[in-house]
There are 2 protein chains.
Amino acid sequence: MTQNTETTSYKDIKRTVLRRIRSGEWQPDTLLPNEQDLAVEFSCTRTTVNRALRELADEGFLERRRKAGTRVLSAPHRQARFTIPLVRDEVEALGGTYRYALVSQQFLPAPEWLSARLALQTGQAAMHVRCMHYSGNTPFQFEDRWIVVDSVPQVKDADFSALGPNDWLVQTVPFTNVELTFLASRADASAAGFLDLPEGEPVFTAERITWLQDKPVTFAKMYFAAGYRMTTQF
Amino acid sequence: MTQNTETTSYKDIKRTVLRRIRSGEWQPDTLLPNEQDLAVEFSCTRTTVNRALRELADEGFLERRRKAGTRVLSAPHRQARFTIPLVRDEVEALGGTYRYALVSQQFLPAPEWLSARLALQTGQAAMHVRCMHYSGNTPFQFEDRWIVVDSVPQVKDADFSALGPNDWLVQTVPFTNVELTFLASRADASAAGFLDLPEGEPVFTAERITWLQDKPVTFAKMYFAAGYRMTTQF
DNA sequence: ATTGAGTTAAAGTCTACACAAATTGGAAAT
DNA sequence: ATTTCCAATTTGTGTAGACTTTAACTCAAT
């Protein structure tokens, strides 16, 4: 491997700047030297410094303003990134064998709460799908999903007995907007039954609404098995 | 071709590419034209195309590999970004008036579960702080935090009656690593009391562990009030 | 004091080019 | 049929320089 001496890449600069921030050399609110000066210090072009600082700002460490310069941001403005994995990937990442099972699938007029939530006409047709995701024989996630028939007419001919509704949707309809919500909910009778836990138990829950342009496509509520934790490091 | 010749910024390219993905013109798994060809199409340099595609890849829309090219990612591999706000900011963003209250503050040897979790010596000294965050007079969050004295000796003289431990830590110690976990837990007697909800109720909970280099600094468990939802759109 | 206009420093972006690094796909060797 | 190796392609990153946009600052006029 070729160790290029003295080449300062934007990654080196990022590392160095981060180190100075973390060591306290550049405290929060400190104004950094301008790009040109840093370019001289690191003996590279301003372009390279620019990229390094731009990315650090993007990652929430710095704040940059034209003419005002670049300053160190107080820590807690940071952002966290979570990967939203497919259930299958998540199960397999944990060393399990993924298994899917359809629970029920039927046409229904959209219930009132759903119509309100997705801004549907009252009584618009919807496909209601409930299914389970297992890791081996252990329940992993119970999914309760509504698909708006007007937005996805093909769903009338869909069969979710082998292919999960999420996979089917991904293959079938593109989407433009997603709203993802996490909350702690209480296991109702059916979720408790499928996830094999006592009714009323706290359940980590994700709600996902997907739109295609302005048209709501699907609303999904996913109940995770007991003990589920969503973790990220940064 | 209604290609506008006035502006060919990387933002225009991002917009156009996104539109093509969303319109279905470039379905998931589609291989995009290479940078050089796109540069010709947009009549700009490859550098500009590179920046546009790089950012889109960063945002989770594309996957790029040398020699293999750039392809559209199937949707669910996407990442979601959550801003981790300060409680104060969150309360104020919801239109409330933030209020802080210290519940208790005392030195204790770290309990076993904490020593295990943070890889401490058994019986290492710790500062245990419990406090409340209110929106007006409505409970918003109950915080239960441990601070490792060895890592933050100044904590011996800290007074958390006016300034919250998180704000104090941010001002006092830098940190290098954070692990953030979300889960649904069951309100124990004290959390239930402070948050004004029945014992055993599901509570959306965040755990945050912070390190300085290899040294664990603090472990915080934050219990949110009933009905709390963490939402993101993308 | 307050307002307003001009100056100017700093970041933002683009061009044009060069070389580096990865990795695919195929040819050659086994 | 399989493995090894090479070349071609594509993205990754850097240099050098120019022009643009924003907004902090200054100073004069109200």
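By convention in this document, chain letters (A, B, ...) are assigned in the order of the sequence lines, proteins followed by strands, and residues within each chain are numbered from 1.
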Trainee: Report yes or no: is there a donor-acceptor pair, N or O only, under 3.5 Å between the side chain of A:Arg46 and the base of C:dG12?
Mentor: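 Side chain to base: pair found, below 3.5 Å.
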Trainee: Expressed as a whole number of angstroms, how long is the span from A:Phe42:CZ to D:dT13:P?
Mentor: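 Result: 17 Å.
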Trainee: Given side chains that start at C-beta, do those of B:Pro139 and B:Tyr134 come closer than 4.5 Å, heavy atoms only?
Mentor: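 Yes, close enough: below the 4.5 Å cut-off.
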Trainee: Would you say A:Thr70 places a side-chain N or O within less than 4.0 Å of OP1 or OP2 belonging to C:dA10?
Mentor: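 For A:Thr70, the contact criterion (side-chain N or O under 4.0 Å from OP1 or OP2 of C:dA10) is not met.
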Trainee: Hey, mind stepping through A:Glu179 and A:Trp211 against side chain to side chain contact (heavy atoms under 4.5 Å, CB included) and telling me if it holds?
Mentor: CA-CA 9 Å; A:Glu179 181 187 293; A:Trp211 289 270; 3.8 Å; yes
Trainee: Between C:dT24 atom C1' and B:Arg71 atom CZ, what is the distance in whole Å?
Mentor: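 The answer, rounded to whole Å, is 12 Å.
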Trainee: Would you call A:Leu53 and A:Leu38 a side-chain contact if the rule is heavy atoms closer than 4.5 Å?
Mentor: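 Answer yes - side chains close enough.
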Trainee: Would you give me the side-chain donor-acceptor pairs under 3.5 Å for residues 217-226 of chain A, sequence neighbours excluded?
Mentor:
| residue | atom | partner | partner atom | Å |
| --- | --- | --- | --- | --- |
| A:Thr218 | OG1 | A:Arg145 | NH1 | 3.1 |
| A:Thr218 | OG1 | A:Trp146 | O | 2.8 |
| A:Lys221 | NZ | A:Glu207 | OE2 | 3.0 |

Trainee: In whole angstrom, what separates B:Asn50's CG from C:dC14's C1'?
Mentor: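 Nearest whole value for this atom pair: 13 Å.
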Trainee: Give a yes/no answer on whether the side chain of B:Thr48 brings an N or O atom under 4.0 Å of OP1 or OP2 in C:dT13.
Mentor: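 Answer no for this pair, as no side-chain N or O of B:Thr48 is under 4.0 Å from OP1 or OP2.
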Trainee: Using ring pair (Phe, Tyr, Trp, His ring centres under 6.0 Å) as the criterion, list what pairs up with A:Tyr10, not counting sequence neighbours.
Mentor: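 Ring pair (Phe, Tyr, Trp, His ring centres under 6.0 Å) list for A:Tyr10, sorted by chain: empty.
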Trainee: Name all residues meeting the side-chain contact (heavy atoms from CB on, under 4.5 Å) criterion together with B:Asn137; count only those two or more places apart in sequence or in a different chain, and write none if there are none.
Mentor: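 B:Asn137 satisfies side-chain contact (heavy atoms from CB on, under 4.5 Å) with B:Arg99 once adjacent residues are dropped.
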Trainee: Below 3.5 Å between N/O atoms, which protein atoms pair up with nucleotides 24-27 of chain D? Just atom names and distances, please.
Mentor:
| residue | atom | partner | partner atom | Å |
| --- | --- | --- | --- | --- |
| D:dA24 | OP1 | A:Arg65 | NH2 | 2.8 |

Trainee: Among residues 29-37 of chain A, which residues get a heavy atom nearer than 4.0 Å to DNA chain D?
Mentor: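 Listed by number, there are none.
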Trainee: Starting at CZ of A:Arg64 and ending at C1' of C:dA10, how long is that distance when rounded to a whole Å?
Mentor: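 Roughly 9 Å, once rounded to whole Å.
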Trainee: Using whole Å, report how far OH of B:Tyr10 lies from P of D:dT21.
Mentor: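 Taking OH of B:Tyr10 and P of D:dT21, I get 14 Å after rounding.
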Trainee: Over how many whole Å does the gap from B:Leu62 atom CG to D:dT10 atom P extend?
Mentor: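 In whole Å, D:dT10 P and B:Leu62 CG are 17 Å from each other.
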Trainee: Rounding to a whole Å, what distance do you find between B:Asp12:CG and C:dT13:C1'?
Mentor: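 Nearest whole value for this atom pair: 12 Å.
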Trainee: On the side chain of A:Arg51, is there an atom forming a donor-acceptor pair with the base of D:dG12 - under 3.5 Å, no angle test?
Mentor: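 Looking at the base of D:dG12, it does not pair with any donor or acceptor on the side chain of A:Arg51 (distance under 3.5 Å).
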Trainee: When we call it a touch if two heavy atoms are under 4.0 Å apart, what does A:Thr47 touch: a base, just sugar-phosphate, or nothing?
Mentor: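 Base, at least one base atom sits under 4.0 Å.
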Trainee: Please list all pairs passing the side chain to side chain donor-acceptor pair (under 3.5 Å) test where one or both residues lie in residues 148-157 of chain B, with sequence neighbours left out.
Mentor: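 For residues 148-157 of chain B: B:Gln124-B:Asp150.
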Trainee: What orientation do B:Phe140 and B:Tyr228 show, parallel under 30°, tilted 30 to 60°, or perpendicular over 60°?
Mentor: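 The rings of B:Phe140 and B:Tyr228 stand perpendicular, inter-plane angle above 60°.
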Trainee: Quick check on D:dG17: is either OP1 or OP2 less than 4.0 Å from any side-chain nitrogen or oxygen of A:Thr45?
Mentor: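 For A:Thr45, the contact criterion (side-chain N or O under 4.0 Å from OP1 or OP2 of D:dG17) is not met.
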Trainee: Once you round it to whole Å, what is the distance between C1' of C:dA21 and NZ of A:Lys11?
Mentor: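 One finds 11 Å between C1' of C:dA21 and NZ of A:Lys11, rounded.
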Trainee: Which of parallel (below 30°), tilted (30 to 60°) and perpendicular (above 60°) describes A:Phe182 and A:Phe204?
Mentor: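 If you compare the ring of A:Phe182 with that of A:Phe204, the planes turn out parallel.
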